[in-house]
Novice: 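Before anything else, here's the structure in question.
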Amino acid sequence: MGKSGQLEQPLLRLTEVDASYGPVKVLQNVSLEVGTGEIVALLGANAAGKSTTLKCIMGSVRVSCGAIEFCGRTISSLSTTQIVAAGVGLVPEGRRIFTRLTVQENLRLGAFVRSDRNAVEQDLARIYGLFPRLAERRDQKGGTLSGGEQQMLAIGRALMSRPTLLCLDEPSMGLSPILVEAVFEIIHGIRREGTTILIVEQNAEMALSVADRAYVLQSGQIILSDTAANLLSNDLMRRAYLGV
Amino acid sequence: MRTSKRLFLAVSLLLIVSTVIISGCAGAPAPTPTSAPPAKPATTPAATPAGAPQPTKAPAATPAAQAQPAGTVKIGAAGPFSGQLSKIGQDSLNAVKFAVDEINAAGGVGGMKIEVVEGDDGADPAKAATVAEKFGTDSSIVGVIGPMTSGAVNASLPVYQKYNLVIISQSATNPNLTEQGFKVMHRICPRDDDQGPAAAMFIAQDLKLKSVYLLDGKDTYSAGLAGEVEKKLKELGVTIAGHDQYAPEDKDFSTLLTRIKSAKPDMIYMPDPDPSHAAMFLKQAADLGVKAKFMTGEAGYEKAEFIDKSGGAAEGAYLTNIGPILTTIPEAKDFIKNFTAKYGGMSVFAGQSYEATKILAEAIKKSIKNGKVSREDVLSAVHNTKDYKGILGAPIGFNDKGDLVSGTIFVYQVKNGDFTQLKSVSARGR
Amino acid sequence: MQRSEALGSGRGFRGAAHAGLDRLRDRLDSIDPRYRLALLAIAVLAVPFVLQNAYLVRLAGTIGIYIMLAIGLNVVVGYAGLLDLGYVAFYAVGAYMYAFLASPQYGLHLPFLLVLPIGALIAALFGMLLGYPVLRLRGDYLAIVTMGFGEIIRILLVNLAPVTGGPNGIRLIDPANIFGLNLSQAVDLGALRVDSVVNYYYLTMLFAAGCLLAVSRLNDSKIGRAWQAIRDDEIAAQCMGVHKSNLKLLAFATGAFLAGVAGVIFASWQQFVSPETFTIGELITIFCMIVLGGAGRLRGVVVGAIVLVVLPEFLREYSIYRMVIYGAVLVLIMRYRPQGLLGRGARWSAKKRQVTPASSISKITSSTKIEGPPGCTPDDVPMLEVDNLSKAFGGLQAVQGLTFTVRQGEIVSIIGPNGAGKTTVFNLISGLYRPSAGSIKYLGRPIVGVPPHKLAEMGIVRTFQNLRLFADMTVLENVMVGLHCMLKAGLLSIVLKTASFRRDEEMARAKAVALLGALGHSLIDRRDDIVLTLTYADRRRVEICRALACGPRLLLLDEPVAGMTSAEAQEMTSQIRLLRDAGYTVLLIEHHMNVVMGISDRIIVLDQGAIISEGTPEMVQNDERVIEAYLGRRRSWGKAAN
Amino acid sequence: MLGSACCIRVVSQQALPVSLDEEMDLNLALAQLPQQFVNGITLGCLYALIALGYCMVYGVLEMLNFAHGEVFMVGGYLGWAIISNLVLGVTPRTNAVLILVIMLLVAMAGAGALGVGIEWFAYRPLRGASRLAPLISALGVSIFLQNAVMLGLGTRSKTYQTMALIPRDMSVSAGDVTIAGTRILIIVVSILLMFALHFFVQRTKWGTAMRATAQDREEASYLGIDANRVISLTFLIGSMLAGAAGVLVGLYYTQVDFMMGYSAGLKGFTATVLGGIGNVQGAMLGGLVLGLVEGLGAAFISPAYKDIIAFSVLILVLLVKPSGILGENLPEKV
């Protein structure tokens, strides 16, 4: 895939998206694509606009101009509920599980938009199979879990909506190096099951190690986009983000 | 999403429509001429010699001759027209307006139409003083009905005095009010120390009861009256089984009643300014099986609110008032009929407000000189009211202090769902 | 989101109204403060002559009373962020104090000018009395308790009839008599006859102006900054040396004091007090004043007082519709202008509120050297000795049996997996938590139980993992909060704006600018911006500046490079090194292994609340247990950053 | 503080209503105990119903809905509209139980709609504004509703013909204790409603969504939970409970008036805080405790001081446990 190789029918496509908070512009002219079955990483410093991009995709921040298409359908005017129902799942930054709800309740909420009860029960069993630790603690309050377990729960919860596209916002944040590796293992596993993944990361090195392609955001604009392998050897990239 | 939006629209529409309807309903019964903006009379102080710097209109220097715009004269109505006490306030305001409409329909006073200026004080003394200042500076206002609460009168009296503006309060019963030497002060309601001792004497001497439980609602009216009753009862050797207080907004008397029940008094004396509140009390007393007799003050003198709302529990209750039963007085017949037809109910304060307005109008009539009315004249005319025969059934006159000349109190009992007069007691000059 | 637009109708008008109010606000802002003051003074003096109507002058006088009440409440609610719903009780205390001391009730007839300070001080005392027990409560809990207090006072006024006159109140109160001038009587000055209402108008305006001036000076001082800091972030404020409890009490007392002044004046004017005046309704009115005009700022409060005194008065003649309209207006104003009539919109636009005078930055160049910590310490004492430190939350053992030492001039890092107890250690050292067991010594002195603000004063200052800047304040103000302990000006000298106070402030500003210059070159230019508008990295820098302003010896940095790019992180790393070289001792929590391995003299590794390894970066990296629990076996760290 | 100091000098002047007379001693108070207990429970149930609305709204929006008391009042008036149409004089037109059910349903529906409407008009546009703005807006709504009802329906209270539905002799007596039929109705209906609410919040999908939204609105939205819907639902349920409480109060006190929301709201608010804001069980418990404190305080001290007693208990509880009886005492995350 070339540097700006247009995908035939990308699963997700952002075209020249702008977004702002009040008078402060946070995204300018952001275009990106995620193909079915890919892992795409969105890199950049804090406050570069990575999380805002995810929020635009999720419909919680409105784009002021530009379009977002998912499965060939424009979603930039849909509500978050509709977008989730359409098949986009998000694992938010800092995990943000519901600490006062039990593990099981957390997971069930993940399937909030679904009405196929039996399938939901099957998925629940599947998630517990994927994360046995969660099965052990299904009746505990989310707040009693350790950081790593909470991250598992957040991922499991997002999977409960059976997303076609799973967005992960800083999954490595605040985790020890050893846990970060475990999380990225899981991400690999999820992709193997056929879910497309968009991952936002500050830890560029780690993200590039799992991603197929990546985009680099700086001050709300995409300044680089390429395959992960190429970016790992890109000079600018190495200087600014890889700390080499 | 969409359905909820539609629901919101429907709800908001409902809200708006109901508001419109509500205001429409309320708009109908209030077609008084008040809605005209307060006409700025030509004689604002600016008309005084322009050269002399005059920070404000100096009240004493108010020119005696107050030219009125041809054909109208204004009176103020002050009282709690909003808030907790608006129940009695609005009733009185309606009665004032009702009286004025009647007068105007009959050609006004000496050819002049009367206009009512409303001054809502919400029973807050500070606001009452502001209202007084407002009425005072409007030189076309020559007399005021109200304020209704003793606190409001207390705070505003000095201001009214400053402007030499006569007031007739229809419900401020605190004895102090007329003891401070303010010439403008008049009232058309019994003083607590007329009504209280009379009630106490009736309890001790006629009913020969041994113990009484007193209740008051922490307001000037009921606290004052209950205090006077207590004083006299002690004097007469009656046991005070207890004296408790409740808040005017209390709905639940069960805790209080349980306490009363165990004290086993012969009678409960509870002069609540809101008769429906007293009715609620009686009903709960019946529910709890409290057997004591019950007595209240003149505010209970409203059949619909007191007797009817008690669901029969008021049967046998006693109350005191300054006049005989209104329904038995021929002069009051039309008033009662028309007023209740228009406003649906009538409290004792409505009758007193109506009477006060008529007295004030009469005084204005007497004071018209060359088409002009001065406050001094109205004040002295009101003050000199003697043997005025209105709807209250007793001739009204004011003594030097501004109190009613007659201190006679009538005692009633509720029998067969209506008030029956038992006797009259005079405690004055004890 | 776009819901307000969805409403559609009347948008043009609304837009125009908004723009008009904004313009009015900006125009008011643009007038030179001195002219503004002079214009205002003239206007206030002229009111009775212009109005020529005792009723309107009385209203104006009433506005004066409400201004005092509203700015007092604003100190508590707007500045200190304490939702005080019992405020009206202090008004009552002031009024009844005057009624007790200057009426036939007890036969006392003390002069007005004597009772005024007595009443105000007793009200302030009541303020502290209420404030003290509720210091621990927050937000709405505080609201209900204070509301209960207000109700209790009101009920006592009613119930204790023999003392307070009960529902009948107290009558025949003496009028204010100032140097032989009886204010309740009209004054004859030859051709000029001044009505008593005018006397009282000037009296209330005089005191309202005095209160405004005093409060605005308090607000522009270290006290105002500390209040705002507490409101924005109580914990961060404490860690910057702000004595939370004292300042909250001061806010309660100041508010109550003003209410007391208003009460005394009110009682002397009305010459009658009764409980009917001091209801929750009155409180609501005052409350609306401070929100309606534009919460938090004095000008808005004054506007709110004017609007809410005048608006119901306009409606008074339509009595039965009055309250309906009043209620609807409140809702509509809030709906269409939630920031208040003269308030500003979103925080984003709030910029350059007050510009730092050039004088205080003239001497500063962009790369001032970092100053060392104040004073000198004996070399042989360790900076920090932690012995057998444990902390449990309920059943959860967050930290157990920690023992370590930090020597002077070291950079020591604490690393470990999430939930290992790193931040808990910081919270214990900085006094936010009390340990369940163990001891902490700082320069040889035990510090367990010393409150955070005291520790900050002693030289233990920290930053926070999730950035706890005072979000509504400018960069410079944030740093100046750090200087809180250094400023010694007392309450009186602030209110009187003495020379020493002004010198103090000038010094503080210069020092803050110098710090900004030393740490981040771009920060000086942005010193008057609200911190929220800064980039993440800059905010981190401001937080460190603020910590340095406290004059620390031991700096606790909690993930100082989190959220920075590698380049920014490297810059920060070298700055931390410079700090160490300047003489600061640094204790660091960080996940960024390149940074940790690069600058640490020693590293402590925590896992599940216990130390599993301690030593130089090399030692730690090769410790099997660390690799097992934390680092993983991927590769080695640290070479790159060196 | 002031109280005790003042009492000393008062006693010498005149016997205060506060001080119990010699003969009306502890025994007398103890004799009242069972009845006061029943009184307290009834009151407590009503407080709890009102408190639940405050509590749920606070949980989700972290705002004090000062207009809640007025929703309760409107519920009372709606019940009156039904009962005055279905009861002629003292004879019910149809089955009494049916009338009671219709009253409750209509009042709950109307109050629920009103609550949702208020949120939509007066609070929703203010999300994201300062915390004080919705507070003022709520006060405005409260003032507006109170006075609009007064304008539309007059200042006089409206009478419930309760006796036609629940005759006075339908009461249970045991010794000195009398429990009127209306009281039994209040207790039964309240407990049923509270159980229903508990089931909804703890066991259903939307109830879980509500709890999730209360904790983290943004995160809940990423799971497809429409926060606006949840908030509307919260207002709907809370207001429905208040509407039911309005009818029960009307039935028990046989009168409703436009001011009744104010003190009921205050009590509900107090009960909420007492139990721990945002905690549903806490609100129920807070209501009961408050009712009992009032009942017993009136028995042992004085009805005149019952509010002071209630507030003092509240203050004491909060000083010991700053987040209410059942409130979570979370240490703030640093």
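Chain letters run A, B, ... following the sequence lines, proteins first and then strands; every chain starts at 1.
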Novice: Using a cut-off of under 4.5 Å for heavy-atom pairs, which of A:Leu109, A:Val113, A:Val91 has the most such pairs with chain D?
Specialist: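 Of A:Leu109, A:Val113, A:Val91, A:Leu109 has the most heavy-atom pairs under 4.5 Å with chain D.
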Novice: Do A:Val84 and D:Tyr222 have side chains that get closer than 4.5 Å, going by heavy atoms?
Specialist: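 Side chain of A:Val84 against side chain of D:Tyr222, heavy atoms only: no contact under 4.5 Å found.
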Novice: Who are the side chain to side chain donor-acceptor pair (under 3.5 Å) partners of A:Glu121, not counting sequence neighbours?
Specialist: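 A:Glu121: side chain to side chain donor-acceptor pair (under 3.5 Å) contacts with A:Arg108.
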Novice: Is it the backbone or the side chain of D:Ala220 that comes under 4.5 Å from a heavy atom of chain A, or both, or neither?
Specialist: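 For D:Ala220, heavy atoms of backbone and side chain both lie under 4.5 Å from chain A.
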Novice: Among the options A:Met58, A:Met160, A:Arg157, pick out the one with the most heavy-atom pairs lying under 4.5 Å from chain D.
Specialist: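 Of A:Met58, A:Met160, A:Arg157, A:Arg157 has the most heavy-atom pairs under 4.5 Å with chain D.
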Novice: A:Arg96 and side chain to side chain donor-acceptor pair (under 3.5 Å): which partner among D:Glu219, D:Gln215, D:Glu218?
Specialist: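 Going through D:Glu219, D:Gln215, D:Glu218 one by one, the side chain to side chain donor-acceptor pair (under 3.5 Å) with A:Arg96 is satisfied by D:Glu218 alone.
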Novice: Would you compute the distance between atom OG1 of A:Thr81 and atom CG of D:Asn228 and round it to the nearest 0.5 angstrom?
Specialist: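 Atom-to-atom, A:Thr81:OG1 and D:Asn228:CG are 9.0 Å apart.
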Novice: How long is the gap from OG on A:Ser115 to NZ on D:Lys205, to the nearest 0.5 Å?
Specialist: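 The OG atom of A:Ser115 sits 6.5 Å away from the NZ atom of D:Lys205.
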Novice: For chain A, find which of D:Ala214, D:Ala209, D:Ala212 contributes the most heavy-atom pairs closer than 4.5 angstrom.
Specialist: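 Highest number of pairs under 4.5 Å: D:Ala212.
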Novice: Run through D:Thr208, D:Asp226, D:Ile225 and flag the one making a side chain to side chain contact (heavy atoms under 4.5 Å, CB included) with A:Phe112.
Specialist: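 Option passing the side chain to side chain contact (heavy atoms under 4.5 Å, CB included) with A:Phe112: D:Ile225.
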Novice: Side chain, backbone, both or neither: which part of A:Ile97 has a heavy atom under 4.5 Å from chain D?
Specialist: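 Contact with chain D involves the backbone of A:Ile97 alone.
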